[in-house]
Amino acid sequence: MLELRNIKKSYQTGDFIQHALKDVSIKFRTNEFVAILGPSGSGKTTLLNIIGGLDRYDQGDLIINHKSTKKFKDQNWDFYRNNCIGFIFQSYNLISHINVLENVEMSTILSGYSKKKRRKKALEALEKVGLKDHIHKKPNQLSGGQMQRVAIARSLVNDPDIILADEPTGALDTKTSKQIMDLIKEIAKDKLVIMVTHNPDLAKEYATRTIEFQDGEILKDSNPIKETEESKDKFKIKKTSMSYQSALSLSFNNLKTKKGRTFITAFASSIGIIGIALILSLSNGFKIKIDEFEKSTLSQAPIIVAEQTMSTEQFQNIEEDKHEEYTKKEEIYPLKNFQSEAHINQLNNDYVEYVKKADSSLVGGISMTRSTNLNLLTKIDDKIKPINSISLFFSIPNSIDGKTSMMIEEHFEAIYGKITNNKEDLYLLVDSKNRISEDTLKALGYDSEKVNFKDIIGKEFKVVENNDYYQKVGSRYIMNNDYEQLYHQSGNLTLKIAGVIRGKKDSDFAKLSGSGITYNSSLLDYIIDHNKDSEIVKAQQEVDYHILTQEHFDLDSDEGKKQKEQILAYLGADTAPAMIQIYPKDFDSKEKLLKYLDRYNKGKNEKEKILYIDQAELITSLSGNIMDAITLVLVAFSSIALIVSSIMVGIITYTSVLERTKEIGILRALGARKKDIRRVFNAEVLIIGFSSGVLGILIARILIFPINNVIEKLSDLAGVAKLNPVHAVILILISVILTLIGGMIPARIASKKDPVIALRTE
Ligand code: ADP
Ligand code: MG
C-alpha cells in the first residue's frame, strides 16, 4: 500500500523557483499498472524519483504500509529502495565497464546473498527477458531494446514490489517498444508498476489506470481508489548493505577497464616506496657488513685498561667550547676539566692477577705496558725544573696491529713541523679543537688561555741519565737535586718540541686518542738501550725501596705514594703496569671477557673501580650513529615522494569519481548507501595502494642487483644491499594507508553526490 499525501516539491535555480510538484495526492493499489501521462516538464520524473525514494519531497507525506516516511533517515530510504523498488530508465543506465550478467547482479550486490545465489538469480532474471545468450556482452555491444531488457532484468532480480519505469520505450522504435511493453506487462502481474510515458496509445493498451499530469498537478485519474477498497500491508523493508568483497570486485572490474592508467598510477606512486626500500636495504646491508667486519677485524682490537679512562658517554660529551674544530690558527688552548672527567684507574697487582685468571680460551694475548720514566729537566721562567714525564707524556693506545709509528701516519697529521724519525723530536698532540690538557700546559709552564705555536715550539728538555740523577750513598740511593748543574752537564740528550700533530678529520680512532706530548719510538729504544747498564737498574734487586723513598718523601702523603710508585716504575720493579691490553680471540670472546672484567667492579666503590675502553665498540657506535642519521635523512626525502604520490592518488580518484558519477547514481538507485559508495572508492584506492606497494618492492628488489654490482666494483663488497622482508611488508602497509588517506576526500565527495543529479549526468 503506497500513498502520496499533498506532496510538494520545488527546485531552486538562482532566484528562480520551479514548482515541480504542486500538492499531489495519489493512492496506489498494491497490484496495478499505472501509466503517467503528461507533457515534458510537468513533473513526471520528479514524481517517480520521490516515490522511489531517490529524491525527497519538500512537504506532504509518502505513506508506505500505512506508515509515514516523514521521519525516514537516509538509510531507511536506501533500504526501501533496495528492497521494494525496481527502476527502469529511458536511457537504460547500465554500467558500461561490466558485462550484462554483472550489471544484473549489481542489484543483488546489496542483498547479502552468496555469490552463487546472486549469480543464479541474475541468470533467472536474464532468462525471463530472453537474454540468456548475451550475458557476457558489454552494454555497448547490445541494441537499444536489448539494453532495456537488461535494465528490466536488473529491476526484477531483487523481486521488488514496485517497478518504476521512466519512459522505458522513449528511445525505442514502435516494434521494439511493443516487445518491451509486453515484457513489462507480464512482470506487472503481481506488482505495482508505475510507468511514465509520452505515448497515450501505449498507455491505453497496457495500463490498468492512467493519470494525466500538467504543471505539477494531476489533471485526470482514470481509476482512483474508492474509499471502500481495502488495502494491504505488502511492502517488506529489510536491511541490506554492500560487502567489502563486493566493493572490491566492483572497483577491480572498473580498474581493469583502464589498465594503462591504473598501472601508471601505481607505478608513479610506487616511486617513494622504491626509494625508501632501496635506502633501507642499503643501510641494512651496510650494517650487516660493518657487523661482519667488526666481528672479523675489530674484535681483535684489544680491550684497553689504562690509567686514565673515560667512558663512551664521557668521550662523546667532552665539554663543548667556543673553539673552532680543525682550525688553521696556530694556537693551542687548555682543555679544562679533562682530569675531573676522567676516571683514574688504580691499577694494582690484584687486578693484574684477576686479568691473568681470565678464561684462557677467550684470550688471544695480554700485553702489560710499563711506563719508562725519563728524568727530564726544563727551563721554566729562567729556572731549571724537573718534569714528571709520566703525567706529561701521552702514550697513544696501541693501534689495532700494535705498531705505534704506523698508526701515527694513518690517523694523525702534522699541522706544524714534520713528523720525523729523530729520537730528539717531541710532538704536541692536540685534539680537534687544538686543545691540550690544562695540566700538561701548566707543567710546561704555560698558564694562559691560549699559547701560540711559536711560543712552545722549540722548547727543550734535557734527559738526565739515571746514574747522574740518582747517587748511591752507602746502601741507599738518593736524588741529586742540583738541577742547574745536571741541566748544563755535557752528554745529556736534548729533546725538543718539533711540531704539532692533530687527528685526521676522518679518523674515529684519532678522536678517541685525547691529547698530550708524544715521542718517536726511536726515543723509547734509545732510553731502554741506555739504561740497561744503569747502576740503578742493575741494583734494582737489592734496593730496598722503602729505605730509598723514606729518605725523601713522606710515605703517608698522597704525593709520597705517587712518587713511590713512580720510582718503582722507573726502577722497573714489579709494580702494576700503566696499561693492560687484552686481545680477545673473537667477537663472542670479547663480549664474555668484558662481562668478566665488569664482574671485578661488583661491590667496589667508584674510586676502586677499574674501567676499560672497548675501542671497537667506540668506533662502531660512532659509525653506527652516522649510518642511522644518514638513513633517516634519506628516508625523510623519499617520504616526500610518498606523500606527493598519495596526493596524486587523491586527484586520480577524484577524476574517477567524476567519470563514475553516473554509476554512483545507478548504485544509489539500486539502494546503495552513502557508506557503500565510499566503500567502492576506498576499495579502488586500496587496490591502487596495494599494487603500488607491491610494485615498488618488486622494482626495488630488481634494482638491488645492478646496485650491488656497482658497489662490488667500487668497494669489493659483494651483495651489500639486502631488503629486510619485515621492511617490505611495512612499506606495502604504509603505501596502502597513505593512498587510503589520499583517496578519503574523493570517496567522501562521491558518497555525498545527489543520486538524482548523478543520474541526470551523461
Ligand atoms: P518531466 O519528467 O515531466 O519531463 P521533470 O519531473 O523532470 O519533468 O521536471 C519537472 C520540472 O522540474 C521541470 O521544469 C524541470 O526543469 C524541473 N526540474 C527537475 N529537476 C530539477 C533540478 N534538479 N533542478 C532544477 N529544476 C529541476
Ligand atoms: Mg522526465
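Just follow the structure's listing: the first ligand is 1, and inside any ligand the first atom is 1. Keep in mind that this is a model prediction, so the values were computed, not measured.
Counting the atoms of ligand 1 from 1 in the order shown, those under 4.0 Å from a heavy atom of Thr46 are 5 (P), 6 (O), 9 (O), 10 (C). The atoms of ligand 1 that sit less than 4.0 Å from any heavy atom of Gln18 are 11 (C), 12 (O), 14 (O), 17 (C).
Side chains of Asn93 and Arg154 form a contact here, defined as non-hydrogen atoms less than 4.5 Å apart. With contacts defined as side-chain heavy-atom distances shorter than 4.5 Å, the pair Ile162/Tyr80 qualifies. Between Ile36 and Thr197 the shortest side-chain heavy-atom distance does not fall below 4.5 Å. Side-chain contact between Val34 and Ile211 is present, with heavy atoms from C-beta onward closer than 4.5 Å.
Scanning the protein for heavy atoms near atom 2 (O) of ligand 1, the closest one is Thr45 OG1, 2.6 Å. With hydrogens left out, the protein atom closest to atom 22 (C) of ligand 1 is Tyr11 CD2, 3.4 Å, a heavy atom. The protein atom (non-hydrogen) at minimum distance from atom 1 (P) of ligand 1 is Gly41 N, 3.5 Å.
The heavy-atom pair separating Ala747 from Asn682 by the smallest distance is CB-OD1, 3.6 Å.
Every salt bridge (charged side-chain N to carboxylate O under 4.0 Å, His left out) that Arg81 has, sequence neighbours left out, goes to Asp78. Every residue meeting the side chain to side chain contact (heavy atoms under 4.5 Å, CB included) condition with Ile749, not counting sequence neighbours, appears here in chain and number order: Tyr654, Ile745.
Atoms of the protein (N, O or S only) found under 2.8 Å from the Mg ion (ligand 2) are Thr45 OG1.
Here the rule is side-chain contact (heavy atoms from CB on, under 4.5 Å) with Leu48, and of Asp55, Ile88, Asp166 only Asp166 fits it.
Applying the ring-ring contact (aromatic ring centres under 6.0 Å, His included) test to every pair with at least one member in residues 35-74, sequence neighbours left out, gives these pairs: Phe72-Trp77.
For Ser40, the closest heavy-atom approach to ligand 1 falls below 4.0 Å. Residue contacts with ligand 1 include Arg760, since one of its heavy atoms falls under 4.0 Å from the ligand.
The nearest protein heavy atom to atom 16 (O) of ligand 1 is not closer than 4.0 Å. Protein non-hydrogen atoms do reach within 4.0 Å of atom 10 (C) of ligand 1.
Between the CD atom in Glu3 and the CD1 atom in Ile64 there is a gap of 11.5 Å [rounded to 0.5 Å].
Distances between N or O atoms of Thr13 and those of ligand 1 include no value under 3.5 Å. In terms of polar-atom proximity, Gly43 is counted as a contact of ligand 1, with an N or O under 3.5 Å from an N or O of the ligand.
Of the charged side-chain nitrogens involved, at least one lies within less than 4.0 Å of a carboxylate oxygen, so that Glu684 and Arg660 count as a salt-bridged pair.
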